[in-house]
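I have placed the structure first, in the form of structure tokens, so that the comments after it can refer back to it.
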Amino acid sequence: MRHQYATPWIWIFLLPLALDYKATNASTGHFAQFIFVIPAMAAGLALLLIAPRFHERSPLRSVVTASMLLCVFGSVVAQLIQDNDSGNYLRVLLPFVLFLLGYLVACRPWSEHRIAQFEKALFLGNVISLVFTFVYGIATGGGLEEVRFRIISVTLLGLQGVLLHEFVVAKRYSLYTVAVFAGTVIVELLSVTRSLLVGTVLLFLIAMALSAPSVRQIWRAVGRGVVVASVLAGVAGIAALAVPNVAEHWTQRIFFSEATVSGKDPTTITRLAEMRDQYDQVSASPETLLFGAGYGHYYRYSPVYLPDLAGQFSTQDFYAINEWAAGHNFWVYQLFAGGLVFGIAMPLATLGALAVCFFAYRYWRKVVPNAPMLPVLGRAIMLFAALPATSIGGNPLGPRFSGLVFGIGLGLMIATYTRLQRALPARANRVRSARRMRPAAMPDLPGRIQPGMGRPDLAGTLGMSHTAQLPGSNRPDIAR
């Protein structure tokens, strides 16, 4: 469907929340932050009204949509039962609402032009969030130990995922994309956050798996991985030379457990203590186990782990901890907030959808590598794969902007998979006809999918030129 205002709505939908920030005081700054939410939600509702519709049913799309609706609207049941603070409930629920809204907007059969606009707005929004968050965190003052939590963009791993698709899967490099990726690595090093580096490694392995659908292509994927690893090592060396105390901070973080009384890492212990208390609360009664304690419900650290934090927390400070924000562990917090009925369906459905799209992409890339819109599916997979990667160190649906970005990534992934599933061969034909399909012509494509749709490279989507390919890459650019 053509609409003259669709493009402005897409940009208004994404860019305001890219400037969202984490206030230094949790009790202030809410009004300024909600200023960014109102235009985003208004633009999302406008896009829902003008978006095209699917006319065919898809089991995967139906399951994911039902699980997300159950998560958001089912939270009202726990809220009525527990009577949590309404302000805390709405603040914790808001990122989940944006996650649902982003999914509903993106999970539509948009035209190639609209998909390109979504991808361009996503990429630039993530870059703006990266720069703005870093500048805002440094401007708040203090040493590296104090500001390192505030300089990390909430979608940093999502941005890295899209860039790793370009480097490892698409085999395309440009000065702009390499500079942005180097910037994300510098922020990771300055933040001294181990979970971010683990998430980057996980995304790198996923990108390598996407780029090598067969055993013969593994070594070529390893070669491209060496190039990316060299960039990482070079950036790390430059950062260590430019900021000498970064290496010292990393050494302290890695071996911090040896300096504690208990000999255990305090960050790991506090996360375990938080999860244990949430589990104890939700399993305390059949009612909470079924429907959860609700979003915005208070939790603390379990006293079981108090001896392991000896020397780090006093007993008084330990029992004074009382939090209501979305917990650090995404998976346990979903059980804590929504219970078995409303909490666990959404994480399981989205993780299952990621696995289905991942294996479908690998198969289609092997038998019909030039299929239309396949690059769009690859970028959407890498963007949404950042959600479980982010959950290693925190809740990806705690911040508002990350909820919106991951919702759009999930929507693009499901919508593109649904459209390609009708046009491309299924895995059931793999043994019988995969060998015959490689030299065969492109199959007939229904509806709005036509050869040449789905820009194959990020630089083309962003309107950039002078994109370099690795030597030996002879895959045609189907956008041309």
Side-chain angles (χ1 to χ4, degrees), residues 1-21 30-54 61 64-76 89-111 113-129 132 153-155 158-159 295 326 346 350 353 376 379-380 383-384 386-387 396-416 418:
M1 179 184 295
R2 294 182 179 180
H3 196 281
Q4 58 180 338
Y5 298 114
T7 299
W9 284 130
I10 291 174
W11 288 92
I12 296 173
F13 188 40
L14 271 161
L15 288 192
L17 280 174
L19 301 176
D20 198 7
Y21 63 93
H30 298 308
F31 177 75
Q33 292 168 332
F34 272 95
I35 292 177
F36 302 125
V37 175
I38 294 174
M41 297 196 68
L45 294 175
L47 287 171
L48 274 180
L49 295 176
I50 65 176
R53 302 291 189 270
F54 280 106
R61 189 177 74 247
V64 173
T65 303
S67 68
M68 296 183 67
L69 292 173
L70 186 68
C71 171
V72 173
F73 292 102
S75 65
V76 178
Y89 166 72
L90 293 176
R91 280 191 285 270
V92 176
L93 184 65
L94 181 57
F96 291 85
V97 174
L98 291 170
F99 182 63
L100 174 63
L101 182 61
Y103 166 78
L104 293 177
V105 168
C107 192
R108 305 285 179 168
W110 292 100
S111 66
H113 175 69
R114 300 301 183 208
I115 293 176
Q117 290 296 322
F118 271 111
E119 290 192 311
K120 185 175 181 179
L122 277 171
F123 186 81
L124 294 183
N126 286 333
V127 173
I128 291 173
S129 176
F132 176 80
S153 170
V154 294
T155 58
L159 179 59
Y295 293 104
M346 185 268 286
T350 54
V376 176
R379 288 192 290 267
L383 175 60
F384 187 70
L387 186 146
L397 298 185
R400 290 168 285 268
F401 184 57
S402 62
L404 179 62
V405 168
F406 289 135
I408 295 176
L410 175 63
L412 288 175
M413 183 180 73
I414 298 297
T416 310
T418 301

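For reference, positions follow the sequence shown, starting with 1. Keep in mind that the numbers below use all heavy atoms, side chains included, and drop hydrogens, waters and symmetry copies.
Between the OG1 atom in T65 and the CG atom in L410 there is a gap of 8.5 Å [rounded to 0.5 Å]. L98 contributes atom CG, which lies 9.5 Å from atom OG of S402 (distance to the nearest 0.5 angstrom). Separation of atoms CD1 (I50) and CZ (R108) is listed at 11.0 Å; rounding is to 0.5 Å. Separating the CD1 atom in I35 from the CD1 atom in I38 is a distance of 7.5 Å, to the nearest 0.5 Å. For the atom pair R114 CZ and L47 CG, the distance stands at 9.0 Å (nearest 0.5 Å). Distance check, rounded to the nearest 0.5 Å: SG of C71 to CZ of F99 gives 8.5 Å.
Residues M413 and T350 are not in side-chain contact: their nearest non-hydrogen atoms beyond the backbone lie 4.5 Å or more apart. Within the 4.5 Å cutoff, side-chain heavy atoms of V97 are placed close to those of M41. Side-chain contact between F132 and D20: absent, with no pair of heavy atoms (C-beta onward) separated by less than 4.5 Å. At a threshold of 4.5 Å between non-hydrogen side-chain atoms, the residues V105 and F118 count as touching. Within the 4.5 Å cutoff, the side chain of L19 has heavy atoms near those of the F36 side chain. A heavy-atom distance below 4.5 Å is found between the side chains of V76 and Y89. Two residues are said to be in side-chain contact when any heavy atoms from C-beta on lie closer than 4.5 Å; L397 and M346 meet this criterion.
Formation of a donor-acceptor pair under 3.5 Å by the W110 side chain with backbone atoms of A116 is not found in this model. No donor-acceptor distance shorter than 3.5 angstrom exists from the side chain of T155 to the backbone of N126, with no hydrogens or angles considered. Side chain of T418 to main chain of I414: a donor-acceptor pair is present (N/O by atom type, distance under 3.5 Å, no hydrogens or angles).
Aromatic ring orientation, Y295 versus F96: tilted (interplanar angle from 30° to 60°).
Among all heavy-atom pairs drawn from C107 and A415, the shortest one is CA-CB, 3.8 Å. The minimum heavy-atom distance between F406 and A386, with the atom names listed, is CE2-CB, 3.7 Å. A43 and F13 get closest at one heavy-atom pair: CB-N, 3.6 Å. The minimum heavy-atom distance linking G398 with P95 is given by the pair O-CG, 3.1 Å. Nearest heavy-atom pair, F123 versus L159, reported as atom, atom and distance to 0.1 Å: CE1-CD1, 3.7 Å. Pairing each heavy atom of L48 with each of R53, the nearest pair is O-NH2, 3.1 Å.
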>> Would L100 and F73 count as a side chain to side chain contact (heavy atoms under 4.5 Å, CB included) here? Give the steps.
In response: CA-CA 11 Å; L100 174 63; F73 292 102; 4.2 Å; yes
> Given T7 and H113, is the side chain to side chain contact (heavy atoms under 4.5 Å, CB included) satisfied, shown in steps?
Replying inline: CA-CA 9 Å; T7 299; H113 175 69; 3.9 Å; yes
> Does the side chain to side chain contact (heavy atoms under 4.5 Å, CB included) test come out yes or no for R400 and V37, once each step is laid out?
Replying inline: CA-CA 8 Å; R400 290 168 285 268; V37 175; 3.6 Å; yes
>> If you apply the rule side chain to side chain contact (heavy atoms under 4.5 Å, CB included), what do you find for L412 with F384, and how did you get there?
In response: CA-CA 9 Å; L412 288 175; F384 187 70; over 6 Å; no
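Under the side-chain hydrogen bond (donor to acceptor under 3.5 Å, both in side chains) criterion, S67 pairs with no residue at all, not counting sequence neighbours.
The neighbour count for F54 CZ, taken as heavy atoms of other residues, nucleotides or ligands under 6.0 Å away, is above 12.
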